[in-house]
Student: 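A single structure is presented below for examination.
Order of listing sets the numbers, starting from 1, for every ligand and every atom in it.
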Amino acid sequence: MSNQDTIATNLARIRDRIAEAAARANRPAGSVTLVAVSKTHGPEAVAAALAAGQAVFGENRVQEAAGKFPALQAAHPALRLRLIGALQTNKAREAVRLADVIESLDRPRLALALAAAMAQEGRRPGLLVQVNTGEEPQKSGIPRAAAADFLRACREEHGLPVQGLMCIPPVDQDPVPHFRFLAELAARQGLAVLSMGMSADFEAAIACGATHVRVGSAIFGARGQG
Ligand SMILES: *Cc1c(COP(=O)(O)O)cnc(C)c1O
């Protein structure tokens, strides 16, 4: 099979598994959006996924996305790009120009930088607040205990378009308690969007209420370092 056929086949399988997981949770299939994480894969991989009907993509680095996506965005008006990786404040403007949604709002300085960038660019991508549900020191994300205050500041002080929450559970733990924590926090905060679940655990995330699952390797194959 060509790489293009492999990507189309993988996408079809993931879509089936999403529909089945949603059905098991008594949720409509359309309530879960598949975000195809194309980081480290070239524009031809994204083009293959587009040809197979995939419209929503995730990238974790602004520089890489800036090199890959503008031409694809121009050619495919339905394409939606979500930035899912740690974002430096000096990349905030470029992120605001490129992205439809930024999923990694994780600290007060970035909230300020994004508010300024949105004013300068006249563009308001949706935002998700990333929560460090595992309280891992090396991982980005706002700590659990600080999340409510941070959300209030983002929404009320900075007027940011916060749509929901995102998390990446610790690799060595059962993700379900992390997914449940995030879902409960979103419900308390009146936030509709829950980005959680990756190739290894997206079905568990759907059972816990994920509205967006971020799947990379199960669609595009294994990555090198990325
Ligand atoms: C790479 C990445 C993913 C996709 O991971 P896979 O295990 O390849 O599905 C999801 N979310 C984030 C934040 C990532 O960086």
Side-chain angles (χ1 to χ4, degrees), residues 3 6-18 21 32-42 45-46 48-49 52 54-69 80-88 91 95 98-107 110 125-136 138-142 163-176 178-179 181-183 186 193-226:
N3 197 35
T6 305
I7 289 171
T9 305
N10 289 344
L11 270 171
R13 284 207 191 104
I14 299 291
R15 288 193 193 113
D16 284 348
R17 287 172 58 189
I18 289 172
V32 182
T33 298
L34 172 60
V35 180
V37 179
S38 50
K39 66 186 184 201
T40 79
H41 299 280
V46 178
Q54 179 64 27
V56 185
F57 293 86
E59 284 282 336
N60 69 340
R61 293 188 182 171
V62 175
Q63 279 333 102
E64 185 182 343
K68 206 150 76 180
F69 273 87
R80 294 290 175 268
L81 177 62
R82 304 172 74 92
L83 290 174
I84 62 176
L87 182 60
Q88 293 169 257
K91 304 257 167 61
L98 262 178
D100 297 290
V101 173
I102 298 169
E103 298 201 3
S104 44
L105 171 52
D106 62 356
R107 59 197 191 280
L110 183 58
L127 299 175
L128 306 188
V129 165
Q130 181 175 352
V131 182
N132 187 356
T133 59
E135 310 281 349
E136 296 171 283
Q138 81 286 6
K139 195 166 272 175
S140 44
I142 197 88
Q163 301 174 337
L165 305 177
M166 182 270 240
C167 76
I168 309 171
V171 284
D172 54 352
Q173 286 180 29
D174 177 1
V176 166
H178 298 270
F179 296 156
F181 174 85
L182 204 70
V193 176
L194 267 178
S195 173
M196 54 191 198
M198 320 204 313
S199 290
D201 55 17
F202 67 88
E203 286 146 318
I206 289 168
C208 296
T211 63
H212 292 69
V213 293
R214 309 179 307 268
V215 178
S217 48
I219 297 170
F220 296 108
R223 291 180 292 273
Q225 292 307 81

Student: Verify the distance criterion only: is there a donor paired with an acceptor across the side chains of Thr133 and His178 at less than 3.5 Å?
Tutor: yes

Student: Given 3.5 Å as the limit, does a donor-acceptor pair link the side chain of Asp16 with the main chain of Arg13, or not?
Tutor: no

Student: Please tabulate, one line per pair, the protein nitrogen or oxygen atoms found under 3.5 angstrom from a nitrogen or oxygen of ligand 1, with distances to 0.1 Å, or say none if there are no such pairs.
Tutor:
from     : atom 1 : to     : atom 2 : distance (Å)
ligand 1 : 8 (O)  : Ser217 : N      : 2.8
ligand 1 : 8 (O)  : Ser217 : OG     : 3.0
ligand 1 : 8 (O)  : Arg223 : NH1    : 2.8
ligand 1 : 8 (O)  : Arg223 : NH2    : 3.1
ligand 1 : 9 (O)  : Ser199 : N      : 3.0
ligand 1 : 9 (O)  : Ser199 : OG     : 2.5
ligand 1 : 9 (O)  : Gly216 : N      : 2.8
ligand 1 : 11 (N) : Arg214 : NE     : 2.8
ligand 1 : 15 (O) : Lys39  : NZ     : 2.6

Student: Contact between Leu165 and Leu128 at the side-chain level, heavy atoms closer than 4.5 Å - yes or no?
Tutor: no

Student: Distance alone, cut at 3.5 Å: any donor-acceptor contact between the side chains of Ser104 and Gln130?
Tutor: no

Student: For Glu59, run the salt bridge (Lys or Arg N to Asp or Glu O under 4.0 Å) check against Lys39, Lys68, Arg80 and tell me which one passes.
Tutor: Lys68

Student: Report the residues that fulfil side-chain hydrogen bond (donor to acceptor under 3.5 Å, both in side chains) with Ser199, sequence neighbours left out, ordered by chain and then residue number.
Tutor: Ser217

